[in-house]
Amino acid sequence: MPTVRLLVFFLVMQVVAGCCSPALATSISSGSLAGLGGIGSPHAGQADDMTWNPAALGETDHRMQFWITPFSLSVHSNCLSAEHLIPLLSGASDSERLSAILNDVQQEGGAHWTLGVGGGAHGSWGTRAFGVTVRGHIEGEMSAGAAQLLLMGGEPEHGYFLEGTRAEGVVFGEGYIGSVYTDPWLAEILHIDGFHMGGMLGYVHGLGYGRAEVKGPAVDIVWDGESYRKLGDGRIVIAHSESGHGLSANFGLWFRLTPQLAIDVSVVDLGRIWWRDVTETTFELRVDPESGEGHYEQAETRQSSARPYWDLPLTVRTGVSLEPSEGVRWSLQYAKRLLGPMAGHHEIVLASELTPWERLPIRLGVKYSTYEERLSFSGGFGLRLGPLTLDIGSRNLLELLAKGKEVTISVSTGLRF
């Protein structure tokens with residue numbers, strides 16, 4: 001039976017070895033944030049505000065909070081549904097499913113994907129905050145020729161275009177502290193209702209890093225008159241580390257213009273992880289001289305002197321929030337990724353939080369992303385039972401229900417007094 005050939009599967013297994021989840025996302029959306037599109041909330045003042053705008057915690061009316069997001073999942077691909085992608089990366093695909101995956105990739109002329117799961121805990125005492133998260137990211141892209149070679153193996157008298165085929169992943173933990181400064185005097189000078197500026201500083205500990213790439217733009221299996229042989233390179237080189245360290249920071253401003261209207265701006269995930277003790281493993285494409293069938297075999301493993309680094313997904317974002325009537329909040333949010341995965345892409349979200357019943361907030365949003373190049377619809381709800389809170393949301397509710405090409409879901413719970 002053909003196997004999922006190493007570029008993706010081996011990388012995933014190496015990156016997450018020893019971790020509690022299969023892969024971790026670069027950003028963790030709480031249940032409430034996910035239901036509003038994932039990049040900003042019209043309702044500020046929660047302990048996990050440190051993840052999207054630290055200054056928003058200045059709006060809190062709670063003395064103490066503790067929030068946990070035990071589960072935040074994100075899966076996206078241009079052509080592979082979650083029903084295909086997750087078994088592919090876990091190595092659970094059979095021949096029939098691999099053939100269906102290959103057909104999808106060839107129809108699109110290649111595949112790219114991102115995959116992740118994350119979680120974290122956030123606490124605050126007034127406007128002072130602290131927290132711990134575990135997160136990361138796996139992304140990759142694969143040409144149609146590489147998909148044929150990696151998923152089904154090499155065939156005689158065939159050529160495979162491989163350029164651009166790669167995968168990269170990280171897993172890391174982060175511990176942070178943060179605080180908000182509120183300036184009533186400046187608010188009075190500006191004739192606004194409130195001015196807050198906040199910051200967060202974190203230490204990042206790398207738990208796993210992997211990078212895989214195929215060498216050479218193309219490879220052919222040819223008959224030379226006596227036997228089959230390979231023309232071109234086609235090696236897979238995988239770099240792997242289980243030790244890294246770095247720093248991270250978030251900064252934000254929040255202006256409460258009137259009791260109903262606020263604007264905000266923030267810079268999040270400013271930071272870098274440096275990796276050490278890197279191991280490189282090389283896999284060679286071996287061609288059977290009689291049958292012409294090709295398959296990969298491990299050729300060499302060695303310690304590397306390289307010190308690779310990975311930039312956190314630096315993002316700038318801004319938004320405006322409006323509460324036109326009691327129980328109705330609207331928010332328009334914009335974000336641009338500057339570094340890291342999906343650098344250069346934009347997102348814009350229009351979201352609403354409705355509380356027709358105080359104990360059951362309902363959240364809806366519509367988002368356009370230049371990475372996905374289409375509209376998506378978010379949704380979720382919350383439950384408020386005294387100090388106990390529960391929030392569930394998805395940044396793409398329709399794809400989640402259909403098990404489509406982008407699946408996201410987040411669950412959060414907490415206490416606040």
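Just so we're clear, the structure is a prediction, and the values are computed from it rather than from any experiment.
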Item checked: CA sep, side-chain torsions, deciding dist, call: Asp233, Val214, side chain to side chain contact (heavy atoms under 4.5 Å, CB included) -> CA-CA 9 Å; Asp233 195 338; Val214 177; over 6 Å; no
Can you tell me how far the [atom1] atom of [X] sits from the [atom2] atom of [Y], to the nearest 0.5 Å?
X      : Y      : atom1 : atom2 : answer
Arg63  : Phe417 : CZ    : CZ    : 12.0 Å
Arg166 : Glu141 : CZ    : CD    : 4.5 Å
His245 : His205 : NE2   : NE2   : 10.5 Å
Arg395 : Ile39  : CZ    : CD1   : 10.5 Å
Arg384 : Arg416 : CZ    : CZ    : 5.0 Å
Asp220 : Leu231 : CG    : CG    : 6.0 Å

Side chain proximity check, [X] to [Y], heavy atoms < 4.5 angstrom:
X      : Y      : answer
Met197 : Tyr181 : yes
His122 : Thr51  : yes
Leu57  : Gln65  : yes
Trp330 : Leu332 : no
Arg128 : Ile177 : no
Trp310 : Arg272 : no
Asn53  : Arg317 : yes
Asp391 : Arg363 : yes

Looking only at side-chain N and O atoms, does [Y] offer a donor or acceptor that is under 3.5 Å from a partner on [X]?
X      : Y      : result
His345 : Thr370 : yes
Gln303 : Thr279 : yes
Arg211 : Tyr209 : yes
Thr315 : Arg337 : yes
Asp48  : Ser30  : yes

Item checked: Trace of the side chain to side chain contact (heavy atoms under 4.5 Å, CB included) decision for Thr282 with Arg302 -> CA-CA 9 Å; Thr282 301; Arg302 66 181 183 88; over 6 Å; no
How close do [X] and [Y] get, counting heavy atoms only, and between which atoms?
X      : Y      : answer
Trp275 : Tyr309 : CD1-CA, 4.2 Å
Trp52  : Ser266 : O-OG, 2.8 Å
Arg256 : Ile192 : O-CB, 3.5 Å
Gly31  : Ser412 : N-OG, 2.8 Å
Asp288 : Glu290 : OD1-N, 2.9 Å
Glu323 : Val328 : CG-O, 3.2 Å

Check: Any idea how Tyr228 and Trp223 line up, ring-wise: parallel (<30°), tilted (30 to 60°), or perpendicular (>60°)?
Finding: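 Tyr228 vs Trp223 ring planes: perpendicular.
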Check: What's the verdict on ring pair (Phe, Tyr, Trp, His ring centres under 6.0 Å) for Phe130 and Tyr176, showing C-alpha distance, side-chain angles and the deciding distance?
Finding: CA-CA 6 Å; Phe130 55 90; Tyr176 73 83; 8.0 Å; no
Note to self: Between Gln298 and Thr281, does the side chain to side chain contact (heavy atoms under 4.5 Å, CB included) criterion hold? Intermediate values first, please.
What the structure shows: CA-CA 7 Å; Gln298 184 172 333; Thr281 303; 3.9 Å; yes
Say whether, by atom type as modelled, one donor and one acceptor occur between the side chain of [X] and the main chain of [Y] under 3.5 angstrom.
X      : Y      : result
Thr389 : Leu415 : no
Ser241 : Arg276 : yes
Ser304 : Ala306 : yes
Ser248 : Leu270 : no

Notebook entry, point to check: Asn250: what forms a side chain to side chain donor-acceptor pair (under 3.5 Å) with it, not counting sequence neighbours?
Noted result: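 Asn250 satisfies side chain to side chain donor-acceptor pair (under 3.5 Å) with no other residue.
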Checklist line | Residues forming a side chain to side chain donor-acceptor pair (under 3.5 Å) with Thr355, sequence neighbours excluded | finding: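 Per chain and number, Thr355 pairs via side chain to side chain donor-acceptor pair (under 3.5 Å) with no residue.
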Checklist line | Crowding at CZ, Phe161 (>12 non-hydrogen neighbours, <6.0 Å) | finding: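 Result for CZ/Phe161: enclosed.
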Margin query: Please evaluate residues Arg359 and Leu385 with respect to the criterion side chain to side chain contact (heavy atoms under 4.5 Å, CB included), reporting the C-alpha separation (whole Å), side-chain torsions for both, the decisive distance (0.1 Å), and the verdict.
Written below: CA-CA 7 Å; Arg359 293 187 176 184; Leu385 299 175; 4.2 Å; yes
Note to self: Just to verify, what does Glu284 make a salt bridge (Lys or Arg N to Asp or Glu O under 4.0 Å) with, not counting sequence neighbours?
What the structure shows: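 If we apply the salt bridge (Lys or Arg N to Asp or Glu O under 4.0 Å) test to Glu284, skipping adjacent residues, the hits are Lys230.
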